[in-house]
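Below you'll find the structure, written out as structure tokens, and then a few comments.
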2 protein chains.
Amino acid sequence: MSKEKIEWYHDFIDREYKPTDEDLVALYYFEKSDEVTVDDTIGRLASESSIGTWTTLETLDDRIYDMRGRAFWNEDHLVKIAYPLILWELDNIPQLMSGIAGNIFGMKAVQNLRLVDATLPLDYIKGSKGPHMGVEAIQKIFKKKEGPILACVPKPKIGLTVAQHCQVAWDAWTGGIDLIKDDENLTSQSFNRFQDRVEEMAKTRDKAENETGEVKDALINVTAETHEMEKRVKLIHDHNFRYFMVDVVTTGFSGVQTLRNLAKDLEMLIHAHRAMHATFTKHYTHGISMYFLAKLMRLIGVDNIHIGTVVGKLDSPKEDVLDMRDLLLKKEISEAKGRRLTQSWGSIKGTLPVASGGLHPGVLPEVLTVYETTDMVLQVGGGIHGHPDSTHGGAKATIQAIEAWQEGISLEEKAQSHPELKKALEKWGYLKPI
Amino acid sequence: MSKEKIEWYHDFIDREYKPTDEDLVALYYFEKSDEVTVDDTIGRLASESSIGTWTTLETLDDRIYDMRGRAFWNEDHLVKIAYPLILWELDNIPQLMSGIAGNIFGMKAVQNLRLVDATLPLDYIKGSKGPHMGVEAIQKIFKKKEGPILACVPKPKIGLTVAQHCQVAWDAWTGGIDLIKDDENLTSQSFNRFQDRVEEMAKTRDKAENETGEVKDALINVTAETHEMEKRVKLIHDHNFRYFMVDVVTTGFSGVQTLRNLAKDLEMLIHAHRAMHATFTKHYTHGISMYFLAKLMRLIGVDNIHIGTVVGKLDSPKEDVLDMRDLLLKKEISEAKGRRLTQSWGSIKGTLPVASGGLHPGVLPEVLTVYETTDMVLQVGGGIHGHPDSTHGGAKATIQAIEAWQEGISLEEKAQSHPELKKALEKWGYLKPI
């Protein structure tokens, strides 16, 4: 098939085409508008996301025509489009998204459109960096051969002074928590300036490490304009933290790529909060899947990313959470129709999934059972600080709940000899492990 | 109203509350889940987007309690929430979005949620920079006292070599077009390297300026990792372009803020492409409005942003386009129920709206009539290059269509003495001005 001009969008449909190992293949869910046919729609999608435009052109030649996206498979509301690698600039994630997640979402031809997943060919993957450390290396730092790494967000999520923040951190660290995390909307405000928080948290951390003999760290939120973020990361590094945290969606792909490079230079780790993702991930009929966002974040090289809890206050169906767990931790991913495509990660290292949002001791065994792994970060906020014995008691109850799961006994049984857990269960109830 | 603890989300509802001039007020559209009441829902929204968490806390004091978001008005599916200024770090747009457009979108309590608009108080606005040049100064550069600034994207949107790209640019520039724009997915690929494109386009521009005696510029796409973007902007600057272009959504807020600072230092202008916006702006029931995204972009300080055409291949209802035109150009914005809130821009300068997407000479008078102003950039791609006499003829037909509108005559009449316009109308048809 070769034409001098693209006369119709249907030239972007080629059901005989077999994608090569060098093609980037995207899977979309779509609902077409009434005025167009299915073929009109998928042809337009393949066109607008690659070389196309809406009219016949004199400027088109065969070389460019061969660079077009090809819709090569469709069934019901699903379509797969293959894109030659030459369309994409390596290690430029915004450019990729401007193509496969760009103008097509605004087209009148679609009522709904969702980028479900894309298989990134190995030659594309090789252009990216991925996490520089990897899951085992992180677990080694925190001496976590068994059990998840535990994080805790001081609550109220915003408003605490530096002194209050450090007091909560002290209570949680000495109660057994590994990481104290800022929440997504705490950056540098008048009641809690960034520099003061870093300085005081570093002192508190040193004391907590001395007190417990354990490794303690913080996930301090650097989210800001890019150069300001870089300054903040360096300040954190100068205070001997190994980690920093960033709101990856509101910061944006360019900034996250920049932070990844800095994290490598400083041998630091990135904890990714995903605030704002649900503006485009929430509905299964439109937007971009959380799964694909998580894929991009592993590709760029964040070390932790939130993917949901199954239980708790935020949406997170079990199937999605397990798909993302595998996506972040495994080397090879298989296809599941309409949900995900194959993906080989090559030499890209793994990213630790984070379970967070409305957790308390009574649900932790359920979360661990669902996750089927302890290669994860488990993050509890209100479910620690809301404890009747306050943060220190809540931290202990959290550790006790995880111990119960590790020991294979029920929370009820464990609570009989552990008063902190007992009080937590009395306040919040609990779920029995499935 | 003051409590030691937040016992219920209903503490975040205060219908007696009158927002002060220092409050940031957000307007949301919401559809609640079946399990919760309206008050549960709006209380949770105000809580999770400010200080809140999901359980009672020992760590909460009156000072922090006074920092909470307050749902102070609701009707049908609309709610307004007031946030004290202290919650927000000035000039940190990602932080703002992590609050008012963050976790709340993932809450189970809402089936749908849309951030429609937010009134940014003057004390917040003052922290931001806005465009450094302003609309009149840009028009002065291009000697456009009357008529829109005209931009043209070489098509196919991706695939042209540098030589082909420059040939198209020459044809369009000498046909009367002011700006040659890269499309959103062209950055630096093997067939058209960024540096080569900049160097050759600069030579072509110099020739076109000599040939025409007019001011010519290009909107070369710098989208990439942040430091790479900065390098690219500097290269463009070194080649005496006044403008650069960036995909603001896929780049992200942090990167756009960084580019704004650089643009000021180099006295350059930013042309903002909005690829990916429709992943969260398309549906009126969920996500973030294009209107609010455009507001943030003026606040940060881009000089042009695409807001739709009313006619053409991409969604853009007339009412939305006119709202955004005013938002970008005016100093004071009035409220329109469910659509927009009041906004004073203080000393923030204006941003030129860009009409783009599926335009051709036959629809341009309609677009200008709808816009009711020529303070705009009018961008045509396929509607120039698809012309039977190719790009040069298409550019001339575009100019002729605008002249017809300025002269108050019909396209049919103008076409009688202008063969390029005649051919364009024969190929694409036309709309009569309303």
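Chain letters run A, B, ... following the sequence lines, proteins first and then strands; every chain starts at 1. Computed from a predicted structure; not experimentally measured.
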* Name the region of B:Asn221, side chain, backbone, both or neither, that has any atom closer than 4.5 Å to a heavy atom of chain A. => neither

* Looking at A:Leu186, A:Ile93, A:Thr161, A:Ile100, which one has more heavy-atom pairs under 4.5 Å with chain B than the rest? -> A:Thr161

* Asked: Top residue by heavy-atom pair count (under 4.5 Å) with chain B, among A:Gly287, A:Ser49, A:Ser50, A:Pro154?
  -> A:Ser50

* Is it true that the NZ or CZ of A:Arg114 lies under 6.0 Å from the centre of A:Tyr284's six-membered ring and within 45 degrees of the ring axis? -> yes

* Asked: Between A:Ser33 (side chain) and A:Lys108 (backbone), is there a donor-acceptor pair under 3.5 Å?
  -> yes

* Between B:Phe191 and chain A, which part of the residue has a heavy atom less than 4.5 Å away: side chain, backbone, both or neither? -> side chain

* Asked: Counting heavy-atom pairs under 4.5 Å to chain A, which of B:Glu89, B:Gln257, B:Met276, B:Arg63 comes out on top?
  -> B:Glu89

* Would you call the rings of B:Tyr83 and B:Trp88 parallel, tilted or perpendicular, where under 30° means parallel and over 60° means perpendicular? -> perpendicular

* B:Leu87 versus chain A, the contacting section by heavy-atom distance below 4.5 Å -> both

* Is the shortest side-chain N to carboxylate O distance from B:Arg274 to B:Asp247 below 4.0 Å? -> no

* **Contacting region of A:Met67 [heavy-atom separation from chain B under 4.5 Å]** => side chain

* To do: Flag the one option from A:Gln95, A:Arg44, A:His273 with the top tally of heavy-atom pairs under 4.5 Å to chain B.
  => A:Gln95

* Under the 3.5 angstrom rule, does the side chain of A:Ser254 hit a backbone N or O of B:Ala224 as a donor-acceptor pair? -> yes

* To do: Taking the side chain as every heavy atom from C-beta outward, state whether A:Glu35 and A:Asp40 have any pair of such atoms under 4.5 Å apart.
  => no

* Asked: Does any heavy atom of chain A fall under 4.5 Å from the side chain of B:Arg260, the backbone, both, or neither of them?
  -> neither

* Is there a donor-acceptor contact under 3.5 Å linking the side chains of B:Thr250 and A:Ser98? -> yes

* Asked: Strictly by modelled atom types, are B:Asn112 and A:Lys282 linked by a side-chain donor-acceptor pair under 3.5 Å?
  -> no

* Contact origin within B:Asn92 toward chain A - heavy atom pairs under 4.5 Å -> side chain

* Asked: Quick one: what part of A:Gln111 sits under 4.5 Å from any heavy atom of chain B, side chain, backbone, both or neither?
  -> backbone

* **Contact leader toward chain A among B:Gly394, B:Ser188, B:Gly252, where contacts are heavy-atom pairs under 4.5 Å** => B:Ser188

* To do: Name the region of A:Asn192, side chain, backbone, both or neither, that has any atom closer than 4.5 Å to a heavy atom of chain B.
  => neither

* To do: Output the option from B:Gln189, B:Met97, B:Glu228 having the highest count of non-hydrogen pairs under 4.5 Å with chain A.
  => B:Gln189

* To do: Evaluate the criterion salt bridge (charged side-chain N to carboxylate O under 4.0 Å, His left out) for residue pair A:Arg68 and A:Asp11; output intermediate values, then yes/no.
  => CA-CA 9 Å; A:Arg68 74 195 181 284; A:Asp11 281 10; over 6 Å; no

